[in-house]
**Q** 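One structure coming up, written as structure tokens, with questions to follow.
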Amino acid sequence: MTVEHSAGPPDMRRFVPPPGCPAHTAGAGAMPLEGPRFHTEPVALYREMRRSYGPVVPVSLPGDVPAWLVIGYREMARVTGDPVLFPRDSGLWNQWERLPEDWPLRPMVNVPLPSIYYTVGEEHQRHLRMVEPALEAVSPFELRRHTEQLSDRLIDRFCATGEADLTAGFAKPLPALVLGRLLGIPDSRSALLVSSLTELCDGGPGALEAYQTFSGLMGELLAAKRERPGADVTSRMLAHPEPFSDEEYILDLQSITAAGHLPTADWIGNSIRLMLTDDRFSASLGGGRHSVAEAMNEVLWEDTPTQILAGRWAARDCQLGGCRIGAGDMLLLGLGAANGDPEVHDATDERAGGLRNGNSAHFSFSHGEFQCPFPAREIAEVIARTAIEVLLDRLPDIDLAVPVASLTRRPSAFLRGMTDLPVSFTPTPAAGGHP
């Protein structure tokens, strides 16, 4: 799963979309990619976008920078399934020369770096050949054991109080703690990993210092595992026969950790929120495991943590969804919007009829050559599902401590997660006995 950052943009002027685009013929301007509706009522907003623009929407980024937002399911499949016409190569972007150095979304796009996230073609495959086997070798039993132990440790901190914020106290720190163990980071350094990742994700004034701390931790880990290899992801990456520089190792370790942290945290938080607020799940909170898996799958369809992903760039002039896309234009992947495209499923009928019964044909892990690697998805799923199961076992009468309407989301068009999740429950003693 992929992490993207968004910042609050300044006022935006509208640009006129090119002839041939439905938005142009309808007389509509570009859609500023900002505003509270992206996190308060995205379903209604995307419905209005489809009505006004169709499956491909001309949007405006900070500083009046033009891009295209793909919200159609079929169009998303075409873009993500054609890496030749729509490569993930930001070097093609036709807007680089007009961007100031302090453009707020530079961290989201960035210039190409020698890591699994930014490379393309054979170079991307070279990184995949190192990273994927290292992740595939993670034992699911060991992963579940780590997640159970660390979940218990976090719950022990608040279980006797009868109340907690499950975002800050549970969902956010847990994935970083588990990933730290998988990479081989000592528990004594895990608090620093959690704090640096949290600061990075919040994107506040301390983000640059947090990035330096995060990068330093990865360099420290690399040096330690060179000297003393172990049964961990980092050691397996170092044992891969193809040569990599220290910079490449560190960037790949950062990519694995950052891409696995916030999306998994939001998957946990959004799933718990759904189970506490939706009648399809609330009756079974203290019941079987099946409802946890169903809630997690529903979240990937209805409330996916990564809503918009940057991106793809057109290798040449082409047509997409009735719009003329220019060579070098940026295409933003509207993963959440494409999941709700009524052209491929009727969400109203599905809600009336129940759940999606395991249907996983969503775009929450993207699609095609640059989709989230399968072993990384499995790791995220085990962490999220185990965390929720342990929480419900330990606190079976958990309930929201505030009205549903007062729950707030991260103020971002790109990421969808809870800013906090206040709950109450019957106080219970700490379990103890965990490492």
Side-chain angles (χ1 to χ4, degrees), residues 2-7 9 12 15 17-18 20-21 23 30-33 53-101 103-128 251 255 259 306-338 363 365-372 413-414:
T2 313
V3 178
E4 299 296 340
H5 297 278
S6 178
M12 302 181 189
F15 73 95
C21 175
M31 177 82 184
L33 208 63
Y53 300 94
V56 179
V57 181
V59 295
S60 179
L61 297 173
D64 200 23
V65 176
W68 301 95
L69 177 64
V70 182
I71 64 172
Y73 190 97
R74 293 180 178 87
E75 289 73 20
M76 182 71 67
R78 182 186 171 197
V79 170
T80 55
D82 190 345
V84 175
L85 181 55
F86 301 108
R88 193 176 68 182
D89 184 357
S90 62
L92 296 173
W93 199 14
N94 53 26
Q95 298 296 312
W96 278 121
E97 290 184 0
R98 60 173 295 199
L99 294 182
E101 284 300 317
W103 191 60
L105 297 191
R106 264 187 188 271
M108 180 188 74
V109 181
N110 218 326
V111 294
L113 293 170
S115 78
I116 190 171
Y117 186 78
Y118 289 105
T119 49
V120 297
E122 171 54 30
E123 187 62 14
H124 178 67
Q125 293 301 316
R126 186 174 75 93
H127 284 264
L128 274 178
L251 287 171
S255 296
T306 304
Q307 291 281 307
I308 300 174
L309 193 60
R312 301 289 187 271
W313 286 264
R316 56 175 171 79
D317 293 349
C318 60
Q319 290 274 340
L320 181 71
C323 291
R324 289 216 298 264
I325 309 297
D329 282 1
M330 177 197 283
L331 293 103
L332 300 168
L333 307 182
L335 307 179
F363 285 105
F365 298 110
S366 191
H367 173 68
E369 182 178 344
F370 300 110
Q371 66 186 303
C372 178
F414 293 83

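If you're wondering where the values come from, they're calculated on a predicted model, not measured in any experiment.
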**Q** Do Tyr53 and Cys323 have side chains that get closer than 4.5 Å, going by heavy atoms?
**A** no

**Q** Which atom pair, heavy atoms only, marks the closest approach of Ala338 to Phe363?
**A** CB-CD1, 4.0 Å

**Q** Pair Cys318, Phe86 - check side chain to side chain contact (heavy atoms under 4.5 Å, CB included), show working.
**A** CA-CA 10 Å; Cys318 60; Phe86 301 108; 3.8 Å; yes

**Q** Atom CG of Leu331 and atom CG of Leu309: how far apart are they, to the nearest 0.5 Å?
**A** 12.0 Å

**Q** What pair of heavy atoms forms the shortest contact from Met76 to Leu335, and how long is it?
**A**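 Taking Met76 first and Leu335 second, the nearest heavy atoms are CE-N, 3.9 Å.
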
**Q** Identify the heavy atoms of Leu333 and Ser366 that sit nearest to each other, and give their distance.
**A** CD1-OG, 4.1 Å

**Q** Any side-chain heavy atom of Met330 sitting closer than 4.5 Å to one from Trp313?
**A** yes

**Q** Is there side-chain contact between Trp93 and Val65, with heavy atoms separated by less than 4.5 Å?
**A**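 They are in side-chain contact.
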
**Q** Checking His124 now: which residues fulfil side-chain contact (heavy atoms from CB on, under 4.5 Å) with it, not counting sequence neighbours?
**A** Arg88, Ile116, Thr119, Leu128, Glu369, Phe370

**Q** Starting at OH of Tyr118, measure out to NE2 of His127 and round the result to the nearest 0.5 Å.
**A**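 Tyr118 atom OH to His127 atom NE2 measures 13.0 Å (nearest 0.5 Å).
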
**Q** Side chain to side chain contact (heavy atoms under 4.5 Å, CB included) with Leu332: which of Leu69, Val57, Val79?
**A**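 Answer after filtering Leu69, Val57, Val79: Leu69.
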
**Q** To the closest 0.5 Å, what do you measure between CH2 (Trp68) and CD1 (Ile325)?
**A** 4.5 Å

**Q** Any idea which heavy atoms bring Thr80 and Ala77 closest together, and the distance?
**A**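 Answer, listing the atom of Thr80 first, then Ala77: OG1-O, 3.6 Å.
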
**Q** If you look at every heavy atom in Ala327 and Asn94, which pair is closest and at what distance?
**A**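 Where Ala327 meets Asn94 most closely, the heavy atoms are O-ND2, 3.1 Å.
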
**Q** Does some side-chain heavy atom of Leu320 sit less than 4.5 Å from a side-chain heavy atom of Arg78?
**A**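 They are in contact (side-chain heavy atoms under 4.5 Å apart), so the answer is yes.
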
**Q** With no hydrogens and no angle check, is any side-chain donor or acceptor of Trp103 less than 3.5 Å from a backbone partner on Pro62?
**A**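 Answer holds: yes.
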
**Q** Rounded to the nearest 0.5 Å, what separates atom OG in Ser90 from atom CZ in Arg312?
**A**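 One finds 11.5 Å between OG of Ser90 and CZ of Arg312.
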
**Q** For Leu92 versus Ala314, what's the shortest heavy-atom pair and its separation?
**A** CD1-O, 4.4 Å

**Q** Within the structure provided, determine whether Tyr117 and Leu251 are in side-chain contact (heavy-atom separation under 4.5 Å).
**A** no

